[in-house]
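Here's the structure we're looking at; comments come further down.
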Amino acid sequence: MPSYIFKKRGEIIMADNQKMWTDLGMDLEQHDILCEVLPGAIGDVFLTQKNRPAAMDYFDMVLADVHGLRPGELVEFKKNGGKVFGTFCAYVPDEVIFAAGGIATGLCAGSQFWVPGGEKYLPANTCPLIKAMLGARFEKTCPFYRLADMYVGETTCDGKKKAYEILATDIPLHVMDLPQMKRERDHLKWAEEIKDLIKIVEEVTGNKVTEEALAENIKKINLKRQALQRLYNLRASKNVPISGTDVLLVSQIAYYDDPERFASMVNKLCDELEERVENGVDVAKGAKRILVSGTPMAIPNWKLHNIIETSGGVVVCEETCTGTRYFENQVDETGKNLDEMVQNIADRYLGINCACFTPNTARADDVIRLAKASKADGVIDISLMFCQTYDIEGRSLEQRCKEEGIPFLGIETDYTDNDAQQLKTRIGAFIEILG
Ligand code: BJ8
């Protein structure tokens, strides 16, 4: 596997991944097994696609060396005294961490490889995403989990809350107390939680979060959101300029890449897609347009997108945390002091409609709005196995889609391939009835 480190944008130098992984205390033997599967999966899922945009090269390269490139950069940052914070949820505000001179990185948990390791600590009937979180940490097979100085959790679903208690036995972990409702007092409370996070990151990094730094980082993260929004707008074109599987990869990389470099690479991709839209290039002529909603798809989970896009469909939008929930709505940039900025951050993040909130009818409104905007022929709602909140919400979402005349298919699945054939049949049949 190639080993590179980005020193600065554009400049690439060789690095020694094996040494880095050893220094991070990883289980190299087990990690080799994981690395062996990745190239095959990339080949099957990405390289078999026809007419991919040239600007996907960057994202392919990041993926091909997913445990080398970005971890190498973060290790270099740490050598110079930098602190890295690992996060698990779209509600944790990156702006605050970057404003303290730290780096926030999402912690990947999308592989079945990590699930058995998680089952040593959690009941088997726990969501695979949560089991994979624990497996990746305790089995020592993910460099991102090893190099983070601190994890930042949040009180979303019960499974995650309990998993954080277990992770906290092995690494410093701060849990943000996310309200479960969205009343005015909840917005104020979330702002207080963000202030607590500021204190914590200040202590860990030794840097003060100044008004200037926070304002600058609000803008920086907003620019990343704008780039992703631009990408999603282009998918609404009648001729689809990029596959959903490619966009899913971009969204997954968004969680851990350098925000500025990532935004510039997404904008470069969008420039190419704009030309494609104008020239009528269509990567999925005649395919049915699908909006995917539901639970997030952490890297390297491409299972559903791959099945949909090899069964006569093309994914044109994701109402997920590896989709619109991650980037829709900007943080208001007009805050004049720290208090106002923090409240603006709190308000933006509480605009995310996760099923762990009650009531959460705004999520169905989002799905209907996005289905119309992306000209979707149908909605496929996905719930990871044992995720109660999304599974339960799937029923009311189906009802809303019915009322709006939008065909709907609900799916519950995990990270294994055991149900792949059955899903192919169900999804194929659904796509066929879309006419
Ligand atoms: S904002 S979706 S990232 S909590 S799928 S672990 S909810 S049992 S991931 Fe999530 Fe934040 Fe919400 Fe998004 Fe629990 Fe469900 Fe598993 Fe989930």
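Each residue takes its place number in the sequence, starting with 1. Both ligands and their constituent atoms are indexed starting at 1 by order of listing.
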Cation-pi geometry met for Lys268 and Tyr58 (6.0 Å, 45°):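 Ring-cation test returns no.
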
I'd like to know if [X] pairs up with [Y] as an ion pair, taking the criterion as any Lys NZ or Arg NE/NH1/NH2 lying under 4.0 Å from an Asp or Glu carboxylate oxygen.
X      : Y      : answer
Arg235 : Glu318 : yes
Glu165 : Lys162 : yes
Arg348 : Glu95  : no
Arg52  : Asp57  : no
Asp196 : Lys199 : yes
Arg395 : Asp381 : no

Take atom 17 (Fe) of ligand 1 and look for protein heavy atoms under 4.0 Å from it; say yes if you find one, no if not.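 Protein heavy atoms within 4.0 Å of atom 17 (Fe) of ligand 1 - there are none.
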
What atoms of ligand 1 come closer than 4.0 angstrom to any heavy atom of [X]?
X      : value
Tyr390 : 2 (S), 12 (Fe)
Ile130 : 6 (S)
Thr295 : 5 (S)
Cys127 : 5 (S), 8 (S), 16 (Fe)

Going by atom types alone, do Arg230 and Asn233 pair a side-chain donor with an acceptor below 3.5 Å?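 Side-chain D/A pair, Arg230 to Asn233: absent.
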
Listed partners of Glu203 passing side-chain contact (heavy atoms from CB on, under 4.5 Å), at least two apart: none

2.8 Å cut-off met by an N, O or S atom of Cys387 to atom 16 (Fe) of ligand 1: no

With atom 11 (Fe) of ligand 1 as the centre, enumerate protein N/O/S atoms below 2.8 Å in chain and residue order.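 Atoms qualifying: Cys89 SG.
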
Using a 4.0 Å heavy-atom threshold (strictly under), name the region of Cys157 that reaches ligand 1: side chain, backbone, both or neither. side chain

